[in-house]
Structure formats: C-alpha cells, structure tokens
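Worksheet for the structure shown next.
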Amino acid sequence: MTRLFRIENILNLLLIFLPIALLLEYGLHASPIAIFGASAIAIIPLAGLMGRATEQIAEQVGEGLGGLLNATFGNAAELIIAIVALQAGLHELVKASITGSIIGNILLVFGLATLYGGLKFERQEFNRTAASLGATLLVLSAIGLLIPAIFYNVAGERALAIERELSLEIAIVLMATYLLSLLFALRTHRHLYVGHSAAPEEELSGEHPRSFRRPLLLLLAATAGVALMSEQLVGAVEATAETLGWNEVFVGVIVVAIVGNAAEHSSAVLMAGKNKMDISINIAVGSSMQIALFVAPLLLFLSYFIGPRPMDLLFTTLEVVAVSISVLIAALISQDGESHWMEGVQLLAVYVILGIAFFNLPG
Amino acid sequence: MTRLFRIENILNLLLIFLPIALLLEYGLHASPIAIFGASAIAIIPLAGLMGRATEQIAEQVGEGLGGLLNATFGNAAELIIAIVALQAGLHELVKASITGSIIGNILLVFGLATLYGGLKFERQEFNRTAASLGATLLVLSAIGLLIPAIFYNVAGERALAIERELSLEIAIVLMATYLLSLLFALRTHRHLYVGHSAAPEEELSGEHPRSFRRPLLLLLAATAGVALMSEQLVGAVEATAETLGWNEVFVGVIVVAIVGNAAEHSSAVLMAGKNKMDISINIAVGSSMQIALFVAPLLLFLSYFIGPRPMDLLFTTLEVVAVSISVLIAALISQDGESHWMEGVQLLAVYVILGIAFFNLPG
Amino acid sequence: MTRLFRIENILNLLLIFLPIALLLEYGLHASPIAIFGASAIAIIPLAGLMGRATEQIAEQVGEGLGGLLNATFGNAAELIIAIVALQAGLHELVKASITGSIIGNILLVFGLATLYGGLKFERQEFNRTAASLGATLLVLSAIGLLIPAIFYNVAGERALAIERELSLEIAIVLMATYLLSLLFALRTHRHLYVGHSAAPEEELSGEHPRSFRRPLLLLLAATAGVALMSEQLVGAVEATAETLGWNEVFVGVIVVAIVGNAAEHSSAVLMAGKNKMDISINIAVGSSMQIALFVAPLLLFLSYFIGPRPMDLLFTTLEVVAVSISVLIAALISQDGESHWMEGVQLLAVYVILGIAFFNLPG
C-alpha cells in the first residue's frame, strides 16, 4: 500500500512539468527539445490521472458498462497523442506509435515486470490457460494488423494504389472483431476476466468511497491536459528529432509509445512486485490487443475526417518484424506458466536491440 | 443423429447440380461463370459421397488397411481437381489450391468449428498433448513445403534453373516422411489415433451394416463424377476469373480449396457441435499435414508425366506468409487445450483478411 | 555403461586420424580434400577429449566454478575452428558455423536423439516447464543475433556503413545477457539446472577418481590438437569446396558445424537412449543458446584484434530463416512435454531439406 502511494506520489510530482511545459512554450519560447521533453514528461502523470478517474467511474456504473469504459479508455492518452499527430499529417509517427505500443507493452512493460517481480520472488506463477488464450487472441489480432504491410511487400509498387482501400477493409474487419471481443469479455465470458481484475478493484474499494462527479471532472481535466501537452509534443517533434538525429519511426516506436503508455506500465510493474503476475501479463497482453483491434482501426477511420489525407496501415518492414517477434514472444511466455528474473532481462535485451535497430534506421 | 442426417440430406440435395452442370456445358453452352458455379457446387456432395464410401470400405477391410485408405483418400476430391488442372498446365492454380487447403483447414474449418461449438458450449476442451503433437508435425511438414519458395526468394533469379531440381528433391523427402508417418499412425503408435477416430466410427457402425460391393461402386461413381465436374470447373476457370476480375491465385487459394474440402469441412464443424473438439482439431490439422506431405509431392511427381511441363514448389510470397501464419496459429491453439467462440471469430477474421489480400493481389 | 564405453572407444579410435592428417599434410603433401577430411575426422575425438577433461576439472573445483568452466568450454572446439577461420579472414565461414551450430543442435542432434530414444521407448517424457524456459531464452537470444541481418534487409545498401557498428552494439548486449544468464544458472537459480546435470555427473563419479593434474594436461593437449587440426582444416577448406562444388556457407552451416559439435552431439543422443530426455533437450537447447549469447559476440569482439578486418553479424537470409525455423521448432517441441520417434524423423527431414537448400545456394 505504501508503495502504491509512493508511485502515485512520484507520478503526481511530475505534474509540475505541466506548467513548466506551458511556460517553455508560451512564456520563454524555448528550444523545441526543451518543450518536447517537458510536454512528454507532463503527459505521464496526466495519463495516470485519466486511468484512475476512469477506474473510479467504472466502479460506480457497474460491471458491464464499467468494463466497457475501462476497455475503451485504457489507451486514451496514447489515442489523443496519435489524433493530434494525425491532424498534423505525421502518419509515420502515428503508425510507429501503434507498433511501438505493442512492442513496448510486451518487451518493455512485461520485461520490467518480470525483472522487478523476479528480484523479489524466486519464481512467479500465473494461470497458463488464461494467459495463453489472451496471447492467442493477440497473435491473431497482430496478424490482421500486419497483413497490409506484408501485402505491399509482396505486391510491390503496383499495389500502392489499392493499399489504402485494402487497409480500410481490413480495419473494418479488425474493428468488428474488437466489438465481438467486448461481447466476449463483458457478456458471455465475463467470469474469465473478473477473476483477474478482482484484485486491484478490491484494493481500490478498500479506499474511502468517492462520488461520481469528482472523477468525471478529473477525467475531463486530465484529458484536456493530455490534449494540450500532445499539441506541444507533436508541434516540437520534428525540430527535436532533427536536432537529435532521431528518425520519425524511432520517435514513434520508442519515445511516444513510452510516454503514452507510461501510466499503465507502472501498474503492470507494481502488480508483478505484489506477485500478481496474472494481472501483470493481462495488462501487457490486453493493452497490446486493444491497440491492434481498436486504436489502430479507429485512427485509420479518423484519418478520413481529421487529417490532411487518409492513412493506410502500411508499416515499415522493421516494424512488421518487431511486432511479429513481440507477439510470438508473448505467446511463448504465456505458455510457460512461470517466470524468473532472467526472462525479464532477456525481454529487455530484445527491446534494447530493437531500439538500437530503430535508432539506426536510415531516415 | 438427426442433425447428421440433415447435413447429409442437404449435401445429397446438392447432387442436383451434377445434371445441371452437364446441361449447362453440353446442352445450353452456357456462360463459363454458370458452368464454373454449377460444377463447383456439384463437386461438394460428390466429395462427401467419396468420403463416406471410403469410410465404409475402410471399416470392412480392418483397421490397418482401412486407416491407410482413409488417410490416402482423405483429400481425393481435391487431388482430382488438382490433377485436372495439372493436365491443363495451370500450375499456379494447382499450387494455390495446395496452400489454400492448408489455410482453409486451419482458419476456415477450425474457425467455423470453434465458433459453432463455442456458441453451443461455453468452453470446449481437448487433449493438449495429442493436439500439440499433431501441430508440431504439421509445422515441420509446412516448413519442408515452403523451403523451395524461401530458397527462391533468397537465391534470386539465378536460382530459377535449379529450382525445379530442388523442388523434386524436397518432394522426395516429404513423401518419405509421409510414408514413415503412416507407419507411425497405423503401426507403432496406432493407439494415439484410435482414441480419436473411435467416436465417428462407432456412429457409423451404429447404422445398418452395408456390403463391401455397394460402397466400392459408390466410390467409383463419385470419383468419376468428381473427375467430370473438375474437367468442367478447370475448363471454365480462366474465363470465369477474367470476367469476375479474380486472379488465378485467389481462385486456387479460396474458391478451389473450399470446393475441394467442403465435405470434410462439414464433418469437422459437426464434431465441434457435438463437443468432440479432439476429432475436429484432428481433421483440420491431420488434413493439412496430409496436403503438405502427400498431396503436394504427389502432384509434383505426377507433373512429370501428365502435365505439359514439370511443376515446382515455388509458392508466391503471400502464400508462404499465409501458410506460415496458419500453421503457427494451429500450434498456438493446440497448446491452449481449450477453445471459446471468440477464438473462432478471430480465426475467421484472419481468414477474411487473408482473403481480401489474395483478392487484391495484382494478377 | 558398456554402451558409453563403446561410444568412447569409437571416438578414441578416431584419434588415429590425427597422425594421418599430419602425415597427409606434411609427409605426402596430399590433395586438399584428403587433408580436409582427415583433419575434420580427427577433430571429433579431440573435441570429445576436451569435453571430458573439462568435466573432470569442473568436478574437482566445485559446483560454482565448475559450472562456469563447463558452460564456457562447452563449445570450445567450435570456437577454436572459428578463431582459425577468423584469422584467415573467412567471415562467411565463421558466421555460417555459428548458425550451423544452432540449426544442427536442434534439428540434427535433437532429431537423432528423439529418433534413437523413440526407437527404444514408445513414448518419452520430459519436464515441460524446464524445457520451455530454456526454449524461451533460446528464442530471445536468437532474435538478438538475427536483428542485424534483418536490419540490413530492411535498411538496404545504405545501411552497410553502420552495419558493423550496429553489430558491435548488439554483440555487447548479447554478451551482457550471457553474463547475467551465468549469474542465473550458477547463482540465483542453480537448483533448476543441478537436477538436470546430476545424472551424468553421477556416472562419471562412479569411475575411479582422477587427480587434478591429468585432466588439465589432457585438456591442454586436446586443445592444441584441435587448434592444429583446425589450421589444416581451414587451410584446405577453400580448395576442397571448389573441387567438390560446395559453397562457403554450406561448408560452414553443415560440415564445420557437424565436426565442431560432434562430441557433444553423441552425448545428447546417448542420454536419449537412456530415456533421460531432459538432459538431451538441455544439451541441444543450452548449447544453441550459448552459441548465440557467448560464441557469436566473442568471435565478433575477437575479429577486431586477430582478423584482417572486423566481422559483422550480417547473416544470409537463408541462415536467418533457418535459425528462426529451428528455434521456433525448439520452442514447439519443448512445450509438448513428450516425444516419439516420428518427431525425430521430421526434425531430420527439415534438417535434410535445409541442407539441400544450403547446398544449392548459388556461390
């Protein structure tokens, strides 16, 4: 409990970067790097506030609708950054943040969780059946997401004309699958998931009960804050990347993905520290699946309305490889049924190696 | 039981398309699309008859020889279509029907089976060990089948000269593996498979006993019918594809594969509806493995005698990707040990997405 | 026991090829093929002697240091051949021997072990959890090793300039991971591995106790012998390959890898014959992992000092595919928890098919 408060306190302390970022942008007209850095750090606690506010609202409205809220707003911070980038026409960045979230959830988040948990417990177990069902669904989702890129690689330049139409059709299939998966998780097989989420809810309900209105206001305020910071982040990203010698894909896959997911990352790691590996693996795998089935098609649909031009799902080959590797690893690890710190080290090693590769990608 | 008869009756009703197809071809000289459609539909019940006749003969001749018959004639309908296409020199179509059978068995058949079974039962279990042995053997078989295409991609145009020789050598290894797998399934480890096939045989033996002669005549007649319809199907395929804007690979991977395997598909789905997931997964995985180890090399050998020129095993890259994805999914799902309707939805979603990709492939 | 002696005796008999190889080289000035063949055969028993001497020393110095010795010298023979090839600037050969060791350990060694064990026992079981932990670590190691090659394929010719730097950075990550894995295996989770290696040590300790000095002298002598034979082998390899029409990658992947690993291969097969599948799978998977995490980066580091120019980790695409396939198969098989002779047949079939592909690779 003390630890949870400690992490929350650290996150809340980071809120100081919200005024700092605003000051840098509007007061000091500081360098893009400073604005980019401050905005990025400010998003982390704001995303954490969004997550906690959503959980509190979800608690009040009952299991069914609450589950839906939690599932839909789970990646809200990342979605907002991506929408802002979409408006700016930074499609490479948007797509890179999609793949970066999947890679980051599995390699970085679950790697850190396994390492942190493994340093406290010699051996951690989790329910193999539940984990491998989740991993199988994740693999199937990722395949759908990657087919357009594979198709383009196969069909070559001639296919560029139909690539956008193909992406749209596939996005519709992915979104339909997502809606059915909500039916699965919230209606027909709710009990499969209740068991897992029971533990953290219990803890929250142990705290003093909150009214419905406060979390709603908190959610609105935090969302506005994330949107504001995202504007600054995206506005400064190109100048920052150029100055630091970063390419757009690296920024999306590594930097934006970490910023957008940092809040939920910390809870996955915390749960591993409490030996609740089932919840930890569920956050990492579930969040990745939601990115593939919900966030990615939603962004593609939105690109028809808010961006300068429609987006496609044509990821770079290194992204395809990195996502394929990550979901395969998720499937492998889920079927172990147990974890040790060494597994965490290796997940992080693969993440670092992929990071090196993305960093060195010729712009 | 009533359900079984219902499906059989529907299949038998489709036999009306046999005379219709003949009339369209010889009487009315109808459009290729009409002939293609009628012949395709007529093949479905004929293949079903072939399957049932084979099973009845297999029952009479005892377990060992019977198992061999069942294993060898399991994909007979598809083999006949492929041989006719081979004679016409339509190598792309033949190869696409090989990969389409593997993809279809796993994604479409097992997807439908899991969905249908999952709608009737909240949770279906199967023997994880048996299923994952089958899936491992399937993965190993598929790898052998795909190496020539991967080799060509690696070695480039220079390799085209030795591609045919390489394909032949690999086909010999695959066929030798198949013969050893028969020894495994029918002699040394028969008990592993008897358990699974016991259930459906039991049912059949519950029906009134049949003589040896009737099923043999039925098999011959159905085989002749399939051959006749395949002639018409293959004869009309190019004109049909051109009119409808289909490419040859799409026709093979999706259309021909569904037609050729429809009969056994229905039994896999029926078994899932009876909560016999072991048999259902066994049909899907076993049939795919037989395609890779027996049908593919056999067609390659035959191409040296009956076609205009020898065939190779050089699949398109999208086929390689689709087969790799499918067998990996089979392996993943087998190790779950249980299934829900959502898994079926996702398998079908991947099938639809692959179908979209194959459809859009530039001719 | 008699069997063990028999194999050891056969290995010792092969020592006759040491003087033969020397005679061919210095006395008769024989053809390169003869020198290559005799040196290759002579390395096999010498590597066996190195292995046994290391085990005996390891026994004397206690578990911790002994385990480190065993782990570090486990692939010593192969390392020596690779170092000699590195000095001669034969980078393709060195890299091919790295991938060939991984492929060979999984497909050839574990294939032979499963087949041999499966012919004696109808069904062999092993600890699924331990095996799949090992396989997961192997998959993660292999991914790290392959990223540079994938990166090059993605980034294209432009990336060649930074390829060497990328390889070096990744090698550092791999080596750091290896050092942590030693900490895991020898310190924090020693009990996981003690159980497996207990059996063979027991047998050795059943023999008459040996002094510390004899095995050390034996180790030095055998190492010198391997180095001498490696010189001859590498010196004759190019002329031999040209005469026999072998390409450099085939020589490395198949020939050198078999020679360098033959000694440990025989012990994995022997253990399977005693129904100790846990040890057998542990040798195959553990040795592969050591190649990826220790031997490969060590050779890359050494190339900065002893070769004509620094080496990179840019493997050919067929090597990338073959290694990916092999480690995936290792993961699949580990999760079965049991094996039959048919699995061995299929592993060997994939090995033969890959061998055919490597053989036919255009020089």
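Residue numbers begin at 1 in each chain, while the letters A, B, ... track the order of the sequences. Note that the coordinates shown come from a computational prediction; the quantities given were computed from them, not determined experimentally.
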Please rank A:A322, A:A357, A:S339, A:A349 by heavy-atom pairs under 4.5 Å with chain C and give me the top one. A:A357

Write down the atom of C:L180, the atom of A:W341, and the distance for their closest heavy-atom approach. O-CH2, 3.3 Å

Please classify the contact between C:I143 and chain A as side chain, backbone, both or neither, with a heavy-atom cut-off of under 4.5 Å. side chain

If you round to the nearest 0.5 Å, how far is OG1 of C:T177 from CE of A:M342? 6.0 Å

Side chains of A:I325 and C:V139: does their closest heavy-atom pair fall under 4.5 Å? no

Separation between CD1 of A:I329 and OG1 of C:T136, rounded to the nearest 0.5 Å: 9.0 Å

Can you measure from CD1 (C:I150) to OG (A:S324) and round to the nearest 0.5 angstrom? 9.5 Å

Rounded to the nearest 0.5 Å, how far apart are CD1 of A:I353 and CG of C:L166? 9.5 Å

Heavy-atom check, side chain of C:E169 versus side chain of A:V352, under 4.5 Å: no

Could you please spell out the steps behind the side chain to side chain contact (heavy atoms under 4.5 Å, CB included) verdict for A:L354 and C:F151? CA-CA 9 Å; A:L354 284 175; C:F151 177 79; over 6 Å; no

Chain C contact via A:I356 - which portion, at a heavy-atom distance below 4.5 Å: both

Which of A:L348, A:L332, A:L347 passes side chain to side chain contact (heavy atoms under 4.5 Å, CB included) with C:L140? It is A:L347

Side chain to side chain contact (heavy atoms under 4.5 Å, CB included) between C:L137 and A:H340, intermediate numbers included: CA-CA 11 Å; C:L137 297 182; A:H340 309 82; over 6 Å; no

